[in-house]
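Any value given below was found using the heavy atoms of this structure, including those in side chains, with hydrogens, waters and symmetry copies removed. Convention: sequence-line order gives letters A, B, ...; per-chain numbering from 1. Because the structure is a prediction, the values reported are computed rather than measured.
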Amino acid sequence: MDLTTLMTIVEAGVGQTADTAASAITGVDLRTAGAMIGAGICMGFGAIGPGIGEGYAAGRACEAIGRSPENAGLLTRTMLIGQAVSESTGIYSLVVALLILFVMR
Amino acid sequence: MEIDPHHIELIGRLAGAGFALGLGGVGAAIGMGMAAGSADEGIMRQPQAQSSMLRTMLIGQAVGGSPSIFALVVGLLILFVPAMDLAHVGGNFIAMLVGAGLAVGFGCFGSGVGCGFPAAAACEGLARNPSRSSRVTSVMVIGQAVAQSPAIFATVIALILLFFYQHPGTDWAMMGICVGAGIAIGAGALGPGWGSGMTAGGAMSGIGHWPRSHGVTLRTMLVGQGVCETPAIFGMLVAFIMLFAMQNLQNDIVGFAKAVGAGIAVGFGGIGPGIGSGIAGKSGAEATATRPRLDALVLRTMLIGQAVSQSTAIYALIIALVLLYVI
């Protein structure tokens with residue numbers, strides 16, 4: 001089944017006449033629409049890992065500071081470095097989403 | 001190929017109610033199971049305290065069950081809300097019902113699981129200190145109430161969709177707005193509900209071990225939970241922008257994709273930061289309960305850590321706003 005047939009069926013299913021719907025959507029439109037949803041998926045799912053990972057680092061730092069408060073400066077510094085590294089995949093997602101939106105579409 | 005409007009209506013109602021209860025019931029079931037498991041362990045250790053533990057478990061489960069009741073109410077509304085204009089019912093109506101279902105389904109999932117953490121920790125704490133039953137129960141209910149606020153945001157958006165967004169016909173823009181707003185607030189509320197529940201759970205297990213430091217622990221818990229809610233507020237912001245400030249969204253498949261993409265970005269982008277801030281808040285509240293004199297230092301570290309873990313939610317918000325306003 002090719003894409004035009006599929007779109008016709010979808011459009012008929014949601015109550016439009018098939019002719020106008022099939023002629024209204026071009027390949028360029030589909031490509032742009034795919035880019036929009038793709039950028040959303042890229043940033044949305046890409047943000048899950050760094051968020052959990054950085055929270056984990058922060059949690060461990062809180063526990064460690066509770067146990068040895070005299071090393072608070074060192075522990076906070078280590079936490080921030082670890083979080084910065086685990087942030088990197090979130091930044092990759094941001095960069096790829098922006099590339100999709102501004103360069104590739 | 002013409003389809004009977006009654007069938008279109010039925011497709012929307014069944015799909016929407018399926019999302020609402022299929023997703024929204026899962027979380028509360030997991031949360032209640034955690035509470036029951038901990039109560040069992042506690043009763044095994046201290047059989048003489050079984051009546052107070054049973055009471056705390058039941059209160060925790062009753063409060064923790066309310067996200068699934070929100071999902072049930074919205075699910076029934078999706079099934080039975082009267083269609084205003086049955087002759088012209090079309091894609092807009094289906095999208096509105098699916099959007100409301102996604103909002104309340106994902107939104108009640110997180111809060112349902114989240115409410116289980118404080119209930120489980122309260123039962124564990126009572127097994128250690130059965131005499132503290134009333135104090136432990138009151139802090140548990142406060143923590144659960146805050147953990148439910150993302151589910152309430154999602155329910156509000158679902159009700160707005162159900163009662164103010166019944167449009168006849170089929171428009172790409174309107175379909176995108178309904179589905180996008182539903183995903184934005186629904187998935188956006190999942191992480192914060194889960195995370196603020198974890199924070200409350202950490203505070204409860206701290207208070208169970210060290211009941212004397214309950215004042216500072218309660219403060220740290222509430223601050224931590226407040227920070228956890230941020231991604232849900234981003235999701236609600238984007239949902240409100242879509243519902244009330246996007247009248248001139250282009251009415252073709254690109255406009256549909258813009259709205260749905262923005263919803264996916266800010267919605268799923270909020271899951272990680274919400275849960276992550278919850279992990280930080282859990283340890284922060286526990287550390288505060290253990291060493292109440294260090295509360296300022298621990299609170300500062302917790303807030304820095306939570307702020308950094310929110311950064312990806314801010315990236316997701318930026319991408320959503322770029323999709324809606326710049327592209």
For side-chain hydrogen bond (donor to acceptor under 3.5 Å, both in side chains), just list the numbers for E229(B) and S196(B), CA-CA rounded to whole Å, side-chain angles, deciding distance to a tenth of an Å, and then say yes or no. CA-CA 7 Å; E229(B) 310 272 304; S196(B) 48; 3.1 Å; yes
Okay, A280(B) and chain A: the region with an atom under 4.5 Å from a heavy atom over there is both
Between F268(B) and F106(B) (judged by ring centroids, cut-off 6.0 Å), do the two rings come close enough to count as a pair? yes
Turns out that what part of R67(A) lies under 4.5 Å from chain B's heavy atoms comes down to backbone
So, the part of T290(B) with a heavy atom under 4.5 Å from chain A: the answer is neither
Yes or no on side-chain contact (heavy atoms from CB on, under 4.5 Å) for M302(B) and T220(B), after CA distance, side-chain angles and deciding distance?
CA-CA 9 Å; M302(B) 182 188 85; T220(B) 309; 3.9 Å; yes
Okay, V322(B) and chain A: the region with an atom under 4.5 Å from a heavy atom over there is side chain
Q | Greater than 12 external heavy atoms within 6.0 Å of Y56(A)'s OH | A | no
request  = Begin with the C-alpha distance, continue with both residues' side-chain angles, and end with the deciding distance and a verdict on side-chain hydrogen bond (donor to acceptor under 3.5 Å, both in side chains) for S283(B) and E63(A).
outcome  = CA-CA 6 Å; S283(B) 302; E63(A) 280 173 21; 3.2 Å; yes
In terms of heavy-atom pairs under 4.5 Å with chain B, the winner among I52(A), T76(A), L75(A) is I52(A)
In terms of heavy-atom pairs under 4.5 Å with chain B, the winner among A33(A), A35(A), G40(A) is G40(A)
If one checks every heavy atom of L80(A) against chain B at 4.5 Å, the contacting part turns out to be side chain
Turns out that what part of A316(B) lies under 4.5 Å from chain A's heavy atoms comes down to both
Honestly, the part of K282(B) sitting under 4.5 Å from a heavy atom of chain A is neither
Q) With under 30° as parallel and over 60° as perpendicular, where do the rings of F109(B) and W194(B) fit, or are they tilted in between? A) parallel
Checked L323(B), V260(B), I271(B), V326(B) vs chain A; the most non-hydrogen pairs under 4.5 Å come from L323(B)
Looking only at G195(B), A265(B), G284(B), the option with the highest number of non-hydrogen pairs under 4.5 Å against chain A is A265(B)
Chain B shares the most heavy-atom pairs under 4.5 Å, among I48(A), I41(A), T32(A), with I48(A)
Counting only heavy atoms from other residues, nucleotides and ligands, does the tally under 6.0 Å from OH of Y92(A) exceed 12? no
Requested in this report: Please check if any side-chain donor atom of T312(B) sits under 3.5 Å from a side-chain acceptor atom of E87(A), or the reverse.
Outcome: no
